[in-house]
Structure formats: C-alpha cells, structure tokens
Protein chains: 2
Amino acid sequence: MAIAAPKTRRGETSRAVILKAALDLFQEHGYEATTMRAIADRAGVSLGSSYHYFPSKEHLVLEFYRHTHELHAAAIAPLLSREKDLSTRLRGTIRAVVVTCEPFHAVAGSIFSTVANPASPLNPFGGAAKPLRDEVVELYAEVVSGSGARIPKDIAEFLPLILWLYQMGILYFWIFDRSPGRLRTLEVIDETTELIVRLISLANLPVLRGSRNRILGLIKDIVERPQG
Amino acid sequence: MAIAAPKTRRGETSRAVILKAALDLFQEHGYEATTMRAIADRAGVSLGSSYHYFPSKEHLVLEFYRHTHELHAAAIAPLLSREKDLSTRLRGTIRAVVVTCEPFHAVAGSIFSTVANPASPLNPFGGAAKPLRDEVVELYAEVVSGSGARIPKDIAEFLPLILWLYQMGILYFWIFDRSPGRLRTLEVIDETTELIVRLISLANLPVLRGSRNRILGLIKDIVERPQG
DNA sequence: CGCTCTAGTTGAACATGTTCAAATCAAGAT
DNA sequence: ATCTTGATTTGAACATGTTCAACTAGAGCG
C-alpha cells in the first residue's frame, strides 16, 4: 500500500522513467485512455514494476498535480515579488493557474472526479493529497500577506483557504469551458477576483459585522474540527 | 447507448427487477462493492440483460437519485403546504435532504465522485442527469415562492439554482461527517440557512447594490451561455 | 569465488465493467 | 399450425486496474 521509495540508483531511475512515461501519456491521451500497461511499455518496464513504485494509477495523478503546482509556483514568482496590489496579485495568480493547466485541459475532466471522491487518495480533504493542498494554501497566504492590503486578522486567518477553494471552483468552470482561448474563464476570473477584493473591504461595514462573524465562526468550526 | 425503454410487459418487469436489485445492493454494500454480476444474479437475469436496460452502471445510480429525490419531495410536502416562513421552509427542506439520504450515507461517498465527473452521465451540468437537476431546482423555486418573503425579482430568478448548489455543498459536507447522529451537519444547516436568509435581506442595502448587481450578472452570464 | 540478503522485476492470474453476435421468446399475420 | 418479426436474453469474450508468488540483480562479506 505505502509508496515504495527507491533505495538504489537503479530504483530511482526506474521510478523516474515510469513517472515521466505516465505524465507524457496522460497529457497525450488523457487519464482514462492511458492504461497502466501503456505506461509500463513506454517506460520500458513490466506492469508489475509500475505498481512497485506507485500503489495505484491515482497515485500517479498525484505526482501530476505536484508537477503542475511547481510549474504554477514558478510562473507567478516574479509577479509576487514585484506587485503589491492584492487585486492584481490575485488575478495574476489565478490566471496563471488556468494558463499552466491549459496543456492538460483534456485530461482535467476525468481527473476532477477522482479528486472529489472522498475515498480517493487524491481527495484534498484528507488523503495523500493533503500535504500538497497545504502547499497551495500556503501559496495563497503569500499572495495575501505580500500585498499592501490591510486585511482584518480574523479574515486573514482563513482567506488563504477560501482562495484555494475559489481556485478549485475556477478550475471546475474551466474544465467545462469550450470557448476559444478559454476566454470565458479569463473573464470570470477578472470579474470574481475584483469582486472578492471588494467584498473583503465591505466586510468592515458595521451592518455586515454580524454576518461576518457568523461566517467566520462557521468556517473556523468546519476547518478546525477533525473529520468533517 | 440510449436507454432501452421496455416495450413489453415482460421487459417492464425485467427492468424493474434489475433496478430493485441494484438499489438494494447499492444500499447494502455501496456503489463500488456492488458488481454488475451481483446485480444480475440477485435480479435473476443474465449479465447482458442488465446492459439491455441500463447502458452503464452509472445509469443505475441515476435511478437511485431519482428514488431519493422522490422520497425527499414527499417528505417535505406537508411542510411546504403549511409553513410560510422562508427560513423555516429552507431549513426544513435541507434537513429533510440529509435525513432522507441517511440510509445511503455509506454509499454516498463513492457516488459523489461520479457526479462531479464532467464526462459522466450523472453530471448535473449537462448529462443525462440534467432533467433530474431541473426538478430539484424547481423544488427550491417552490420553497422560495411559497414563502411570505418578498424577494427582489433579480435575486428570485437565480435563487433556486443557488439553493440547489448550496444543497450539493451540504451533501458533500455530510458525506465527511462522522459525528454521532450526523449532528454537525444539522448544526451547519441551521447556521447556514439563517445566514442565507439574512444575506438576502441585506442585499437591499445601497452599499451592496453594486456587488449584488455584479454577482447576479456573473451568475446570469454563467448560467445562460451554453457549454460552461 | 560463493553465500546471503535485500531491492527490484516479472508476467500470469484475477475481478469487474462492457460489448456483441447468436439464441430464444412471444405475438401477430397468413 | 407455421412463419415472420422484433424484443428480449444469454454468456462468452475483451480490456484494464490490481495482486502476488516466483525470479533476478547486485552489493557486501568471508
């Protein structure tokens, strides 16, 4: 069950070559159309060997995620170090998500369902994918904290998590988007990022204080109690 | 590919007996643990016969949904005809969802992922499941319209769809809920339904007018353009 | 060199969703 | 009664994710 970490030079190359074959094939033919046998073939190893390093096909997707996450993080690094305006940082970050994922658009659909499955190791709410999720949330923490915006402390505490969730929503929309150049998704991103920043500033209004506290209390409760 | 509607008495009973076997087995052992062969066995027909009436295992789940939807609609009928307070109607309706689904809690997890899959016929955003989704949205339209609340027209137009989405969110939370008697979910329902009603009333504030229009415009755009 | 031990490798075997061509059935027409 | 036709039924065959017991490679050691 547990992922077998390679313990020799030979093992390392085997694992690497299997992973590369899988990533290439996922991109070429999509997740479902890529068979474990095809992966093993292209990697030049036997079917059994793939299972020695990756407990399941889903675990290979997990590495796929990590791969795109690293591309994404690298892509927005310049923006994050240069730009101070929260709205611009957020827009640039989310735009970069869909741009980075664009080569995998055809794959994304079949993958999303696996992610949503509570029983899957890919489920971000508490499987093998949790560490990666935490990294992404951390990235959004940086988007917020590196900006000049003064965010109330109670909001700032959960904002990164909410933005991660928001990103998932955008990705789900993007999966369905058939518009040329995926323009609709970009429009929705522009509109929603501005909206989010606006709502954050509105949250300071006295009339909204009550609802704000209730929403934050709810989130706090959901996040901090285990198993739910 | 298309669902073969039975054309004889004999065919009708076959279809019915297959469906009943499937529903029972899903409930007893969950979705994944139930094999098509087991369904055919219990129904007393051959494997091929099941595929004559249901193009895939997923299509059997679709019927499962319809089944619970009908239970749910029946369960809340008295409430909807008696109660006029929107908050109470909404709370009762959503509570009834999780109560109705409670016997299937163990199954629900494995099913949810299928629903989220854009390629699945179960995907409510435009597969075979769309008609059923429309029925559920219609039910929420009744929850709103039958209440004494005066909802602005622009909000009322999309509120049922939003409430359907909200119900999906609650169900996803419920799937993870391991608390005794699923009490946490009920708490979250009480809190969120009140919050929703409160936010609707707040939407009339002049300061929120701009954001309200933008949000509604966004929803309108997303809903009304095809493919996305 | 030969032994041992662990990591790595293999491919046959299994389970299960799905397909399909052939067989069977039932009812109406002749 | 026999034939025809379309619906229904069947089970073998296929594809593919996964498991596992046997086998190989190679390093460390005497």
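Note on naming: letters A, B, ... go to the chains in the order of the sequence lines (proteins, then strands), and numbering restarts at 1 for each one. Computed over heavy atoms, backbone and side chain alike; hydrogens, waters and symmetry mates excluded.
- Atoms CD1 (B:Ile18) and P (D:dT8) sit 11 Å apart, rounded to a whole Å.
- Residue order along DNA chain C, read from the 5' end via each residue's closest nucleotide, puts A:Ser50 first among B:Ala33 and A:Ser50.
- With hydrogens and angles left out, the side chain of A:Arg37 and the base of D:dG17 share a donor-acceptor pair within 3.5 Å.
- Between A:Glu12 and B:Arg10, the residue anchored closer to the 5' end of DNA chain C is A:Glu12, taking for each the nucleotide with the nearest heavy atom.
- A:Glu32 places its CD atom 12 Å from the C1' atom of D:dG17, with the value rounded to the nearest Å.
- If you find the closest nucleotide of DNA chain D to A:Met36 and to B:Gly44, the one lying nearer the 5' end belongs to B:Gly44.
- A salt bridge links A:Glu28 with A:Arg42: the closest approach of a Lys/Arg side-chain nitrogen to an acidic carboxylate oxygen falls below 4.0 angstrom.
- Counting non-hydrogen atoms under 4.0 angstrom, A:Thr35 reaches the backbone sugars and phosphates but no base.
- One atom, CD1 of B:Ile39, and another, P of C:dG17, lie 8 Å apart when rounded to the nearest Å.
- Put simply, NE2 on B:His52 is 14 Å from C1' on C:dA23, counting in whole angstrom units.
- The aromatic rings of B:Phe176 and B:Tyr172 stand perpendicular to each other, their planes meeting at an angle above 60°, with 30° marking the opposite boundary.
- With D:dT18, C:dA26, C:dT10 as the candidates, the nucleotide lying closest to the side chain of A:Lys57 is D:dT18.
- Within the 4.0 angstrom heavy-atom criterion, only backbone atoms of the sugar-phosphate kind lie near B:Gly11; the bases stay farther away.
- If you take CG of B:Leu47 and C1' of C:dT18, they are 8 Å apart, rounded to a whole angstrom.
- Here the CG-CD distance, from B:Leu86 to B:Glu194, works out to 11.5 Å after rounding to the nearest 0.5 Å.
- Close to C:dT10, at under 4.0 Å from its OP1 or OP2, lies a side-chain N or O of A:Ser49.
- For B:Tyr51 and D:dT10, the shortest distance from a side-chain N or O to OP1 or OP2 is not below 4.0 Å.
- The side chain of A:Ser14 contributes an N or O atom lying less than 4.0 Å from OP1 or OP2 of C:dT9.
- Taking 4.0 Å as the cut-off between side-chain N and carboxylate O, B:Arg133 and B:Glu138 do not count as a salt-bridged pair.
- B:Leu60 has its CG atom 13 Å from the C1' atom of C:dT18, to the nearest Å.
- Rounded to a whole Å, the NE2 atom of A:His59 is 16 Å from the P atom of D:dG17.
- Using a 4.0 Å heavy-atom distance criterion, B:Thr34 is classed as a sugar-phosphate-only contact.
- When the C1' atom of C:dG28 is taken as reference, atom NZ of B:Lys7 falls 17 Å away, rounded to whole Å.
- Annotation: side chain of B:Asp221 is in contact with side chain of A:Arg184 (closest heavy-atom distance under 4.5 Å).
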